[in-house]
Amino acid sequence: MNNATMEEQISGAIVRRFFKKFESNLAVDVAIVGAGPSGLVAAHDLASMGFRVCVYESKLAPGGGTWGGGMLMNEVVVQDDAAQILHEFGIRTEPYGGGYHTLDSVEMASGLIFGALKAGAVIFNSVRVEDVVIHEGAVSGVVINWNPVARLEMHVDPLVVVSRALLDGTGHPSEIVSKVVNKAGMQVDSPTGGILGEKPMWMEDGERTTVENTKRLCPGLYASGMAANNVQGGFRMGPIFGGMLKSGRKIAKIIAEDLSK
Ligand code: 48H
């Protein structure tokens with residue numbers, strides 16, 4: 001090691017530390033797919049409670065739909081009661097009146113990411129969850145691959161991580177629930193047992209139902225944020241994020257209760 005060139009040392013440091021991180025997370029309490037606002041709040045809360053939490057994010061930059069504010073104008077709006085969740089992360093908000101706060105979307109994305117990491121969650125970015133593990137009727141893990149491999153449609157087999165709880169935080173498409181319903185043919189806790197699909201814009205209703213729709217869907221599987229709304233057929237709400245934060249908090253509590261039984 002002492003005689004190693006700087007090039008060997010730097011590459012060695014990255015490779016050894018990455019694989020240490022990867023190997024110690026091959027079996028986790030909670031696997032979260034998607035590092036959007038709901039997934040990051042859930043990751044923060046569950047890691048704070050002492051659970052081993054891994055977040056898989058297919059994009060290079062975690063943060064989901066937070067960065068772009070509304071139509072690329074990088075300000076976000078949250079309701080007064082959701083601002084409290086952001087303050088716990090050390091994220092600053094400014095009262096706007098009418099029951100709303102505004103904040104910088106870059107501060108929100110970076111603050112949620114840093115908060116989840118500081119709480120002890122591990123984030124693997126550029127990693128796409130391409131399938132789920134099912135053991136005897138229970139969702140039991142994720143099938144992962146590098147996102148560039150998926151995007152280039154390379155025929156490369158994935159690796160697998162087992163989980164006690166799997167949270168679909170993939171936003172609008174609810175990709176993970178879709179695998180469970182359409183590929184595994186399992187029923188989930190929704191009015192039809194399947195995915196109803198997101199409805200058009202109705203801000204007030206969408207914000208309310210996002211939290212209501214946040215729940216355990218079948219053994220081992222949970223959904224938060226827009227994924228939860230897509231499964232239950234809720235309205236979209238556009239550029240207001242309080243419901244996403246509250247959804248992440250609610251699902252963390254539900255998962256923690258289930259894992260503590
Ligand atoms: C790994 C994946 C995979 C995969 C997707 O969309 P998000 O920001 O998630 P939410 O639900 O926490 O927040 C929704 C919010 O951003 C939003 O879109 C709103 C409020 N819309 C309202 C409206 O009317 O439009 O983040 C989901 C994340 C993204 O970063 C994806 O890249 C990631 O999940 N993701 N990661 N494996 N298979 N699929």
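Atoms within each ligand, like the ligands themselves, are counted from 1 in listed order. Residue numbers run from 1 in the order of the sequence given.
Of the listed options Met201, Met226, Met237, Met226 places a heavy atom closest to atom 14 (C) of ligand 1.
Remark: Tyr96 OH is loosely packed, at most 12 non-hydrogen atoms of other residues, nucleotides or ligands lying under 6.0 Å away.
Distance from atom 36 (N) of ligand 1 to its nearest protein heavy atom, with residue and atom name: Ser58 N, 3.1 Å. Regarding atom 28 (C) of ligand 1, its nearest protein heavy-atom neighbour is Glu57 OE1, 3.5 Å. Atom 27 (C) of ligand 1 has its closest protein heavy atom at Gly169 O, 3.3 Å. With hydrogens left out, the protein atom closest to atom 20 (C) of ligand 1 is Gly238 O, 3.7 Å, a heavy atom.
For the salt bridge (Lys or Arg N to Asp or Glu O under 4.0 Å) with Asp45, the qualifying choice from Lys250, Lys253, Lys246, Arg249 is Arg249, the only one to do so.
Although no hydrogens or angles enter the test, the distance criterion places a donor-acceptor pair under 3.5 Å between the side chain of Gln9 and the main chain of Ala4. Under the 3.5 Å distance criterion, the side-chain polar atoms of Thr209 are left unmatched by any main-chain donor or acceptor of Asn213.
For ligand 1, the atoms sitting less than 4.0 Å from at least one non-hydrogen atom of Val127 are 1 (C), numbered in the order shown with element in parentheses. Taking every non-hydrogen atom of Phe241 and a distance limit under 4.0 Å, the qualifying atoms of ligand 1 come out as 15 (C), 16 (O). Proximity to Arg236 (heavy-atom distance under 4.0 Å) selects the following atoms of ligand 1: 23 (C), 24 (O), 25 (O). Atoms of ligand 1 found under 4.0 Å from any heavy atom of Tyr56, numbered from 1 in the order shown, are 1 (C), 36 (N).
Ion pairing between a basic and an acidic side chain is recognised when a charged N comes within 4.0 Å of a carboxylate O; Asp131 and Lys183 show such pairing.
In this structure, Phe22 has its ring center closer than 6.0 angstrom to the ring center of Phe124.
A heavy-atom separation below 4.0 Å is found between His172 and ligand 1.
Residue contacts with ligand 1 for Asn147 are absent, since no atom lies close enough (heavy atoms, distance under 4.0 Å).
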